[in-house]
> 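Here you go, one structure.
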Number of protein chains: 2
Amino acid sequence: MKRRDVTVPVLPDGPHGAPDTDRDRLIACAELLFFAYRDFINDPDKVLDEYGFGRAHHRVLHFVNRNPGLRVADLLDILKITKQSLARVLKQLIDEGFIAQRSGKEDRRERLLHLTAKGTRLAEKLANLQIKRIGKALDSAGTGAGEATRRFLFAMIAEKDRDRVEHLIRLPNAPHEKEANAPASSQSQERP
Amino acid sequence: MKRRDVTVPVLPDGPHGAPDTDRDRLIACAELLFFAYRDFINDPDKVLDEYGFGRAHHRVLHFVNRNPGLRVADLLDILKITKQSLARVLKQLIDEGFIAQRSGKEDRRERLLHLTAKGTRLAEKLANLQIKRIGKALDSAGTGAGEATRRFLFAMIAEKDRDRVEHLIRLPNAPHEKEANAPASSQSQERP
DNA sequence: GAATTTACGTCAGCTATGTTGACTTATTTG
DNA sequence: CAAATAAGTCAACATAGCTGACGTAAATTC
């Protein structure tokens, strides 16, 4: 690729002759979100590839790991995909021994999802990759960045889903200090 | 969907009897990133649907809008997709009059990308939706959240891409206060 | 000036992950 | 018992990635 030396307006002036910095800052956030997410997804993807899995499998593993006993309906609600989309990856994960189902004790129509030992190993391996990257990023972002970032990300979630997510992530000091409650479905009472 | 009222350990204690809050906080970031991105993408998607476009089209519109005169090769580098993947959406955008190409003046092999008036209208419409959501989220996240969030997101980007991104977003006060420079390609001079 | 490299476009085919709509089965609930 | 619910399944389709191969025009190099 050739390089040209051309001077170019770096920060084009807004309508009033001054840079539209507020807007630019918000747009920068949008672009950063894109790049950050792109790379956030990337380390796990490499590992998943070795198993013949994709991101969809990762998401299922993750949320089942974090919420053992999750029902299929809950997972659908978390992922916001259709039953058929989920079915495909879930079936694979079950067939290959990463996820086990147990019938609900109270409601035997429910299939409560759990990770097997094998599933837990993979889920943790993937989680550790992401945790590592996030940890480093927060360190380099300075004190208070974690708190601020969580608040920002939380506020980016569609209003109607925030309660649900807040319960789901069950963070020690949740974004708005609401009392934490039972995860989406979770635990329940089973486990004989 | 039925909900059960079951009391459940909200914050399972870690190995030392205390909650493993550090790890939990990092995992919360990961989950929040997933939910935030999911919904971040959502408003534009609805609009794009009306045009028969998808996210891929949005990304192209966005980066061409922000960097008029971008070359195809630059776009590939930004999006990290293959030429063939890009070709499909780019062709549509050109055929339907959202994007125009001009041969480079110095190097006539290059096809420099620009938005048409129609393209600009759509790109701005989409950008405004996202800006609005981000603006609200930052407000609700408190002072300093923007700064912190940008730093965090920037640090989440793969190291080898950070320089490039930093130039690309040309933020007034970039994450590390480096001097802003010309956009990735657009007219540009960089490239190692 | 010929050969090579570069920028871009394109053909053909594959995969992962999402979608809709319809139907079955087991189980709970009214 | 009838109706609603949780889950599984079939078929068909769309989007957006991917690989590999090849063509063409222009620029660069030998």
Side-chain angles (χ1 to χ4, degrees), chain A residues 1-4 34 37-38 41-42 44-46 48-49 51-61 69-95 99-113 184-185 188 190, chain B residues 1-4 34 38 41-42 44-46 48-49 51-61 69-95 99-113 185 188 191:
Chain A
M1 191 178 312
K2 199 188 56 162
R3 307 130 119 270
R4 270 164 303 152
F34 165 70
Y37 195 79
R38 186 193 67 181
I41 278 303
N42 207 39
D45 271 5
K46 290 176 202 153
L48 288 159
D49 245 25
Y51 292 78
F53 292 152
R55 286 169 204 183
H57 303 84
H58 183 189
R59 294 198 271 263
V60 172
L61 284 170
L70 203 63
R71 296 175 309 153
V72 171
D74 294 320
L75 206 40
L76 290 177
D77 203 69
I78 289 169
L79 302 176
K80 299 248 188 281
I81 58 173
T82 57
K83 198 172 29 162
Q84 294 77 356
S85 286
L86 176 58
R88 203 160 23 205
V89 298
L90 189 52
K91 194 172 187 312
Q92 274 183 279
L93 289 167
I94 291 168
D95 288 351
I99 286 189
Q101 293 176 311
R102 299 181 203 151
S103 294
K105 212 172 81 181
E106 287 194 354
D107 185 336
R108 288 170 41 221
R109 288 171 306 180
E110 296 175 351
R111 306 295 167 86
L112 308 182
L113 304 172
S185 97
S188 73
E190 41 71 55
Chain B
M1 184 182 318
K2 197 186 63 162
R3 287 330 258 327
R4 271 165 302 153
F34 164 71
R38 187 192 66 182
I41 279 303
N42 208 39
D45 271 6
K46 290 176 202 154
L48 288 159
D49 245 26
Y51 292 78
F53 291 152
R55 287 168 204 184
H57 303 83
H58 184 191
R59 296 198 268 264
V60 172
L61 284 170
L70 204 63
R71 296 175 309 154
V72 171
D74 295 320
L75 206 39
L76 290 177
D77 203 70
I78 290 169
L79 301 176
K80 299 247 189 281
I81 58 175
T82 58
K83 199 171 30 160
Q84 295 79 351
S85 288
L86 176 59
R88 203 159 24 200
V89 299
L90 189 53
K91 195 172 188 309
Q92 274 182 280
L93 288 167
I94 291 168
D95 288 353
I99 286 189
Q101 292 176 312
R102 298 181 203 149
S103 293
K105 212 172 80 182
E106 291 194 354
D107 186 336
R108 288 171 40 224
R109 289 172 306 180
E110 298 175 348
R111 308 295 167 84
L112 308 182
L113 304 172
S185 87
S188 100
R191 167 114 245 192

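Keep in mind that the numbers below use all heavy atoms, side chains included, and drop hydrogens, waters and symmetry copies. All chains are named by letter (A, B, ...) in the order of the sequence lines, taking the proteins before the strands, and each is independently numbered beginning at 1.
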> Give the rounded distance in Å between these two atoms: NZ of B:Lys91 and P of D:dT15.
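Rounding to the nearest Å, NZ of B:Lys91 and P of D:dT15 are 16 Å apart.
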
> Rounded to the nearest Å, what distance is computed from the CD atom of residue A:Gln101 to the P atom of nucleotide C:dT25?
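Computing the A:Gln101:CD to C:dT25:P distance gives 18 Å.
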
> Under 3.5 Å, which N/O atoms of the protein pair with N/O atoms of nucleotides 18-21 of chain D?
{"unit_1": "D:dC18", "atom_1": "OP2", "unit_2": "B:Thr82", "atom_2": "N", "d": "2.6"}
{"unit_1": "D:dC18", "atom_1": "OP2", "unit_2": "B:Thr82", "atom_2": "OG1", "d": "3.0"}
{"unit_1": "D:dC18", "atom_1": "OP2", "unit_2": "B:Ser85", "atom_2": "OG", "d": "3.2"}
{"unit_1": "D:dG20", "atom_1": "O6", "unit_2": "B:Gln84", "atom_2": "NE2", "d": "3.1"}
{"unit_1": "D:dA21", "atom_1": "N6", "unit_2": "B:Gln84", "atom_2": "NE2", "d": "3.2"}

> Pick the closest DNA chain C nucleotide for B:Ile94 and for A:Arg55 by heavy atoms, then say which residue is nearer the 5' end.
B:Ile94

> Using 0.5 Å steps for rounding, measure from the OH atom of A:Tyr37 to the CZ atom of B:Arg38.
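Separation between the atoms: 10.0 Å.
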
> Could you walk me through whether B:Leu112 and B:Arg71 satisfy the side-chain contact (heavy atoms from CB on, under 4.5 Å) test, starting with their C-alpha distance in whole Å, then the side-chain angles of each, then the deciding distance to 0.1 Å, before giving a yes or no?
CA-CA 5 Å; B:Leu112 308 182; B:Arg71 296 175 309 154; 3.3 Å; yes

> In Å, rounded to the nearest 0.5 Å, how long is the span from CD of B:Glu110 to CG of B:Asp74?
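The distance works out to 8.0 Å.
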
> Nearest 0.5 Å, what's the CD-CG distance between A:Gln101 and A:Leu90?
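A:Gln101 CD to A:Leu90 CG: 6.0 Å, rounded to 0.5 Å.
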
> Rounded to whole Å, please give me the gap between CZ in A:Arg38 and P in D:dA16.
18 Å

> Check if the side chain of A:Arg108 and the base of C:dT27 share a donor-acceptor pair of N or O atoms closer than 3.5 Å.
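Flag unset: no donor-acceptor pair detected.
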
> What nucleotide among C:dA7, C:dG9, C:dG18 has an atom nearest to a side-chain atom of B:Glu110?
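For B:Glu110, the side-chain atoms sit closest to C:dA7.
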
> Report all side-chain donor-acceptor pairs from residues 78-85 of chain B shorter than 3.5 Å, counting only partners two or more places apart or in another chain.
{"unit_1": "B:Lys80", "atom_1": "NZ", "unit_2": "B:Asp77", "atom_2": "O", "d": "3.3"}
{"unit_1": "B:Lys80", "atom_1": "NZ", "unit_2": "B:Asp161", "atom_2": "OD1", "d": "3.3"}
{"unit_1": "B:Thr82", "atom_1": "OG1", "unit_2": "B:Ser85", "atom_2": "N", "d": "3.4"}
{"unit_1": "B:Thr82", "atom_1": "OG1", "unit_2": "B:Ser85", "atom_2": "OG", "d": "3.2"}

> B:Asp107 CG to C:dT5 P: how many Å, rounded?
17 Å

> The side chain of A:His57 lies closest to which of these nucleotides: C:dT27, C:dT17, D:dG8?
C:dT17

> Just the rounded figure in Å: distance from P of D:dA7 to CG of A:Leu93.
17 Å

> By nearest atom, which of the nucleotides C:dG9, C:dA7, D:dG8 is closest to the B:Leu90 side chain?
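For B:Leu90, the side-chain atoms sit closest to C:dG9.
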
> Roughly, in whole Å, what's the span from CG in A:Asp45 to C1' in C:dT17?
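Nearest whole value for this atom pair: 13 Å.
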
> Below the 4.0 Å mark, does C:dG18 have OP1 or OP2 next to a side-chain nitrogen or oxygen of A:Arg59?
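Result: yes.
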
> DNA chain C: B:Val72 or A:Gly54, which has the more 5' nearest nucleotide?
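Upstream on the strand: B:Val72.
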
> Could you grab the distance from atom CD1 of B:Ile99 to atom CG of B:Leu113, nearest 0.5 Å is fine?
6.0 Å

> Between A:Arg111 (CZ) and D:dT5 (C1'), how many Å, whole number?
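Result: 13 Å.
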
> Who are the salt bridge (Lys or Arg N to Asp or Glu O under 4.0 Å) partners of B:Asp95, not counting sequence neighbours?
B:Lys91

> What is the distance, to the nearest angstrom, from the CG atom on B:Leu76 to the C1' atom on D:dA16?
14 Å

